[in-house]
Amino acid sequence: MPEDGIKPASNFIRNIIEDDLKTGRWETHIHTRFPPEPNGYLHIGHAKSICLNFGIASDYGGLCNLRFDDTNPGKENIEYVESIKTDVRWLGFDWEDREFYASDYFEALYQYAVDLIKKEKAYVDTLSAEEIRKYRGTLTAPGTDSPYRNRSIEENLDLFSRMRGGEFAEGTHVVRAKIDMASPNLNMRDPVLYRILHAHHHRTGNKWCIYPTYDFAHGQCDSIEGITHSICTLEFEDHRPLYDWFLASLEIHHPRQIEFARLNLTHTVLSKRKLIRLVQEGHVGGWDDPRMPTIAGIRRRGYTPESIRTFCERIGVARANSMVDIALLEYCIREELNRKAPRVMGVLHPLRIVIENYPENQVEMLQAVNNPEDPKMGAREVPFSRLLYIEQEDFMENPPKSYYRLAPGREVRLRYAYFIRCTGVVKDPTTGEVIELRCMYDPATKGGDSPDGRKVKATIHWVSASHAVTAEVRLYDHLFAKENPDEDKEGPGFQVNPNSLQRLTSCKLEPSLSGATPGSRYQFERLGYFYVDPVDSDIQKKVFNRIVTLRDTWAKIQKKGA
RNA sequence: UGGGGCGUCGUCAAGCGGUAAGACACAGGAUUUUGGUUCCUGUAUUCGGAGGUUCGAAUCCUCCCGCCCCAGCCA
């Protein structure tokens with residue numbers, strides 16, 4: 001369990017556990033589990049659950065298992081189990097040798113069902129799926145008993161064993177619990193325990209053609225593993241009476257189930273169904289598209305595990321449905337990278353400038369601090385010459401008063417270099433677009449200090465043209481422009497933010513970046529934090545993903561003016 | 001409509017009968033060779049509403065209102 005220096009906040013689950021500890025409710029250590037179904041990639045909502053379950057186990061001297069809920073072979077596969085293991089590990093958690101699968105317990109689960117049949121608490125039903133639905137009743141009307149509800153124990157046992165033996169087609173029989181068809185809780189109206197599925201299972205192969213439902217498997221799996229606290233999301237609260245019923249009828253270890261609200265995040269979607277659609281319909285590049293809220297996407301974007309853990313700590317855990325502002329996630333990564341990321345200069349939208357009074361073939365190496373937050377990170381040299389690139393945004397021909405940067409006749413500082421004054425503007429004769437600036441530098445201001453105490457309003461970044469490394473930079477923004485895309489009526493397609501990805505292929509970076517290794521992170525001064533994409537970068541061409549921008553006060557001022 | 005939950009600042013969220021933590025966001029200001037960082041300062045006389053109990057209520061009781069979940073042989 002990693003140490004992030006953030007003390008866990010009080011929450012109702014921790015309160016319950018501390019209470020249990022005080023009253024000695026359990027004879028053993030605290031035991032939790034993270035129980036994903038391997039039918040898709042994990043997302044930031046799962047990270048909340050992972051941090052919760054592993055975090056609690058570690059903080060209270062307990063253990064946390066990883067258990068795959070693989071009871072529906074049609075939707076599950078190995079790719080997903082591998083990706084889940086990768087993601088949990090990447091987040092910094094270790095399940096040691098406690099990697100389990102519901103399918104490990106198929107035999108035990110089968111015996112549990114036999115046990116219930118013998119106790120006359122379960123029966124084989126031969127109604128069709130549609131008939132079962134009809135017999136179930138509605139929210140307000142009670143259901144009706146199946147005509148097969150009172151089969152004898154012997155007949156039930158025989159049928160169940162023949163179901164297992166493969167004698168029947170899918171859908172012809174199910175095993176149901178015999179509870180109460182008139183219960184106001186629909187989960188108690190004789191729920192299905194086993195169904196026939198002639199499907200290949202990714203772990204048990206063709207050994208089984210009947211599979212337990214989630215409801216019948218989950219609680220018993222927790223019980224078998226000696227779980228003390230089964231932490232799950234709110235929608236399972238209605239199922240708890242059913243799980244209690246199973247555990248009591250079977251007379252086996254009874255974990256305490258606690259439900260909490262799942263995470264919702266602004267400007268994205270977090271339902272597996274929608275995520276899988278984004279991937280399959282090609283709205284994004286894949287599960288690891290850096291815009292995706294999946295762990296794989298977040299990792300590819302350049303977020304760190306620590307920042308995700310910190311985020312999960314800060315959002316808290318409660319029972320109220322809520323929508324967390326994605327700005328908090330962004331804050332968490334900025335906070336970490338401000339401390340850790342080396343600073344470099346890179347120009348995304350280059351504008352050529354010529355320093356007219358700088359000698360034609362001269363090159364100076366200037367000292368630049370690697371991280372003002374951490375002197376131990378040292379300094380580096382950046383080359384300066386007559387021909388430079390600056391950011392197009394850092395020049396305005398007719399600037400408003402609030403604009404501090406370069407303009408005709410104005411003076412600014414080039415970071416770590418010199419003061420320069422803009423003396424001329426070269427435009428494309430046909431389009432009128434500014435294509436080059438003519439400037440004069442003040443040799444007395446070398447390094448950026450002015451001996452005469454002269455002040456300058458802005459410091460801008462730059463890159464020496466002849467020394468620059470050309471790279472591709474991918475600017476990412478929120479996947480959805482809308483704060484809550486779920487509010488959109490289920491239309492024909494997704495309204496993915498058209499500006500969620502911007503690819504810039506001729507960015508000019510300072511030469512030290514030629515040695516940047518894939519997977520490393522930098523702050524491009526004044527622009528944001530960037531990650532060397534480990535998938536698309538190679539020795540010749542580097543690809544940088546923008547993780548997040550810096551806080552941008554100027555953008556705010558501009559927005560207000562507009 | 002039957003059942004189960006939930007409602008504390010713009011967003012999360014602590015609070016568990018003794019007089020509203022914290023974080024993000026937002027707004028000012030200071031410092032700054034990143035309009036970054038950091039640092040101050042401000043921001044719920046009030047806890048969905050109305051009654052009641054109490055010396056005292058966000059916390060207990062009653063009623064009302066709003067939102068979420070459940071009618072898969074999905075999880």
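If you're wondering where the values come from, they're calculated on a predicted model, not measured in any experiment. Throughout, a chain's letter reflects where its sequence line sits, starting with A, and its residues are numbered from 1. Worth knowing before you read on, the calculation uses all heavy atoms, side chains too, and leaves out hydrogens, waters and symmetry mates.
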Determine the interatomic distance between [atom1] on [N] and the same-named atom on [M]; round to the nearest Å.
{"N": "rG36(B)", "M": "rU45(B)", "atom1": "C1'", "answer": "38 Å"}
{"N": "rU19(B)", "M": "rG2(B)", "atom1": "C1'", "answer": "41 Å"}
{"N": "rG28(B)", "M": "rG48(B)", "atom1": "C1'", "answer": "32 Å"}

Any [X] side-chain nitrogen or oxygen under 4.0 Å from OP1 or OP2 of [N]:
{"X": "R273(A)", "N": "rC74(B)", "answer": "no"}
{"X": "R413(A)", "N": "rU34(B)", "answer": "no"}
{"X": "R136(A)", "N": "rC73(B)", "answer": "yes"}
{"X": "T459(A)", "N": "rU32(B)", "answer": "no"}

Using nucleotides 42-44 of chain B, report all nitrogen or oxygen pairs with the protein that are shorter than 3.5 Å.
none

Could you tell me if R521(A) sits above the aromatic ring of Y529(A), with its cationic atom closer than 6.0 Å to the ring centre and no more than 45 degrees from the axis? no
Classify every nucleotide of nucleotides 23-31 of chain B by which part a protein heavy atom approaches to under 4.0 Å, writing B for the base, S for the sugar-phosphate alone and - for neither, in 5'-to-3' order. SS-SSS---
Looking only at the side chain of L234(A) (C-beta and beyond, no hydrogens), which of the listed nucleotides rG7(B), rA71(B), rG5(B) gets closest? rG5(B)
Of the listed nucleotides (rG36(B), rC74(B), rC68(B)), which one gets closest to any side-chain atom of K75(A)?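 Per side-chain heavy atoms of K75(A), the pick is rC74(B).
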Would you mind reporting whether R526(A) and D394(A) have side-chain heavy atoms less than 4.5 Å apart? yes
Residues forming a salt bridge (Lys or Arg N to Asp or Glu O under 4.0 Å) with D190(A), sequence neighbours excluded: R149(A)
